[in-house]
Every structure is written in structure tokens, then in C-alpha cells.
There are 2 protein chains.
Amino acid sequence: MDQQQISAYLLKNGVRPLQKRVKIMNYLVSKRNHPTVDMIYSDLIHEINGLSKTTIYNVLNLFVESNVALALNIEGNEIRYDADTSAHGHFKCKICTGIIDFRIKKEEMPVPMLEGFRIDEQHYYLKGVCSFCANKIEA
Amino acid sequence: MDQQQISAYLLKNGVRPLQKRVKIMNYLVSKRNHPTVDMIYSDLIHEINGLSKTTIYNVLNLFVESNVALALNIEGNEIRYDADTSAHGHFKCKICTGIIDFRIKKEEMPVPMLEGFRIDEQHYYLKGVCSFCANKIEA
DNA sequence: CATAAATTTGTAATCATTTCATTTATTAAT
DNA sequence: ATTAATAAATGAAATGATTACAAATTTATG
Ligand SMILES: [Mn+2]
Ligand SMILES: [Mn+2]
Ligand SMILES: [Zn+2]
Ligand SMILES: [Zn+2]
């Protein structure tokens, strides 16, 4: 995904592709690290002159409203953002705090019998210790 | 579940059944409303003389560590607590902010192929509009 | 009862996020 | 191309949930 494709993608989803928005979306899709606002800020501040943290909040909130990003609530004290809006699960490691994706087939997602409910979002996440950290502990 | 049973339950799980702990656990199991700390506080302050919000935080953190309560991270700005530690899903209504349970059979829970990972917690939650609120909007 | 240990309390600190007024950039009109 | 109107970005201050911490109180132990 280059800048052009990202601009087109935003436009298609009703988001005007302004410079900072494109840069932030580009960051999300290229790093795929489910970052916090602070992670985005400390990485992009070098690249974008005079970037404000408030702008990142504004842009991410816009992305979520426009369905081009997901807000992940896994830990109570932070929101993680994800440009992959398809149905998939997340694993958060308690040790390294990293979040990794795992695929779930849509038909594997349990569908509850909630008559008359409108379901907008489905979230499935796990917490534990990743294999990398588990090995380190063992050693 | 009366006070006696709650005391025994806490004791069995390594939590000394002090008065306020029993009252707070009793609140959780009898109301089953997935409350925030503030909800618990404003309800119990009438019943327990000189209750501090800090105590509720302390007790709930102890409950979670001792696996007699779950901390639910559904919205980024609040933690909800649940005395039902069995595997089940949650639905949060955007309108009335209520959280309701739905059963998921354990074998329905998708198990990702994460080789070498230690999985401690599994969370599945939905967001949308409950049938009650959906009807009100329609009318 | 006396003493030690654990718990509770209230205040202050922390930290992520939002609000808001001002400044700057972008678009549309002249 | 200027200008006016609109939208976006900025930074400082406010908010709100949670935690830290020291002092006061309660509970357990001898
Ligand atoms: Mn993801
Ligand atoms: Mn529940
Ligand atoms: Zn790890
Ligand atoms: Zn509702």
C-alpha cells in the first residue's frame, strides 16, 4: 500500500485524505503493531514536523467512526488501534505487552442467540504469555 | 448465596472473608450487573458506613488476582467487574450502556493455533443495540 | 490486654483522553 | 491570484478513572 492507494482507500470510505491522515494510516498499515496513541506519536514526531498528540486522537477517532480502523480495548488503561478491520482475534502477551493477530474463520465465531439485538462489533481476545517470552522464562 | 456461602467461597480461594469483602462480593453475585467501581460505590455507600472508593479498588484487584472475579475491558474508559468467572460472552448496548451475558459452549470457543503460547484469559464481547433500546428507537 | 500485622481511609499523584479557544491549512468564490 | 469561508491542527487546560502513599483503624496473635 503506497500513499496513493491509502488516499484512495480513505476517500472511498468518506475520509478526506489529508496529509497527516494519510501518514497515520500509512503507519498503521505498514507497522501492523496495534499501537497506542503514544507509540504512534513517538514514532511519527520525527517524520512529521510539529505533530500534535491531539491530532492523533482526532484522526484515530475519525478512522474508527469511518470504519477504517478498530479500537481495541484489551487492557483497561489503553486503547490500541488496528487498520485491519476484518474479523480476527488478538492475543496480548502480559510480559512483552505485544499484541498479535490470529485468524478466525467467520463461521467459527460463536453467534449468540440474542433476538432483536443489533450487533455492530465482535471482539475476541486472549491474554497470556507468548511463546517467545515463555521460552525466556523457562531458561 | 448468603453471607455464609460467600465467606466460605472466598476462603476456599485464598481470600480472607473480611466484612467489606463479603459485602462487595455479595453485591456482585446478587446484582449480576457487571458494575463499575462507581456503581458499586454509590450503591454500597448507603449500606456500609464510611466506605472508601479506594477500598473498592483494593478489594476488586484482590478478587481478580485471586480469580474470584473477572475484569472486563469493553469500553476504553471503564472496567466492569463480574463474579461469574466461567467462560461466557458479553454484549454491551451503546444506548443504555447495560452489559448482558450470553452463554457460549466451551467447544464453540474458537481455539487459535498459537504454538507454545500460554493462554490465561479468553474474552468474547459484542457491541451494538439491545432489543429493548432497538424497539424504543423504532417507535 | 498488649503487640504486631493486615486492612482501610483520604488525599494527592498519575496518566490517558477530551474540551476548547486560537492558529493554520484547505477549499470555494470573486 | 486574492479573498472569504470552511475544515483541520495545535497546545493548554480540564476531566475522569485508577494508583500511590502515609496515617488511622481493624483484626489476629501471644
Ligand atoms: Mn489485529
Ligand atoms: Mn458476565
Ligand atoms: Zn511476549
Ligand atoms: Zn440497551
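A, B, ... follow the sequence lines: proteins, then strands. Residue 1 opens every chain.
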* Working for salt bridge (charged side-chain N to carboxylate O under 4.0 Å, His left out), residues A:Glu78 and A:Lys92 -> CA-CA 13 Å; A:Glu78 62 175 23; A:Lys92 171 153 184 181; 2.9 Å; yes

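- The residues A:Lys23 and A:Glu47 are annotated as not salt-bridged, no charged nitrogen and carboxylate oxygen being separated by less than 4.0 angstrom.
- Protein chain B contacts DNA chain C over a range whose 5' and 3' limits, counting nucleotides with an atom under 4.0 angstrom from a non-hydrogen atom, are C:dA6 to C:dT11.
- Side chains of B:Cys130 and B:Ile100 form no contact here, defined as non-hydrogen atoms less than 4.5 Å apart.
- The CE atom of B:Met109 lies 4.0 Å from the CD1 atom of B:Ile104; values are rounded to the nearest 0.5 Å.
- Salt bridge status for A:Asp84 with A:Arg103: present, with a side-chain N to carboxylate O gap under 4.0 Å.
- Note on A:Asp82 versus A:Arg32: no salt bridge recorded, every NZ/NE/NH1/NH2 to OD/OE distance being 4.0 Å or above.
- Ring geometry, A:His34 versus A:His88: the interplanar angle falls from 30° to 60°, so the pair is classed tilted.
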* Would you mind building the protein contact string for nucleotides 9-21 of chain D? One character per nucleotide, 5' to 3', B for base within reach (heavy atoms under 4.0 Å), S for sugar-phosphate only, - for untouched. => SBBB----SBBB-

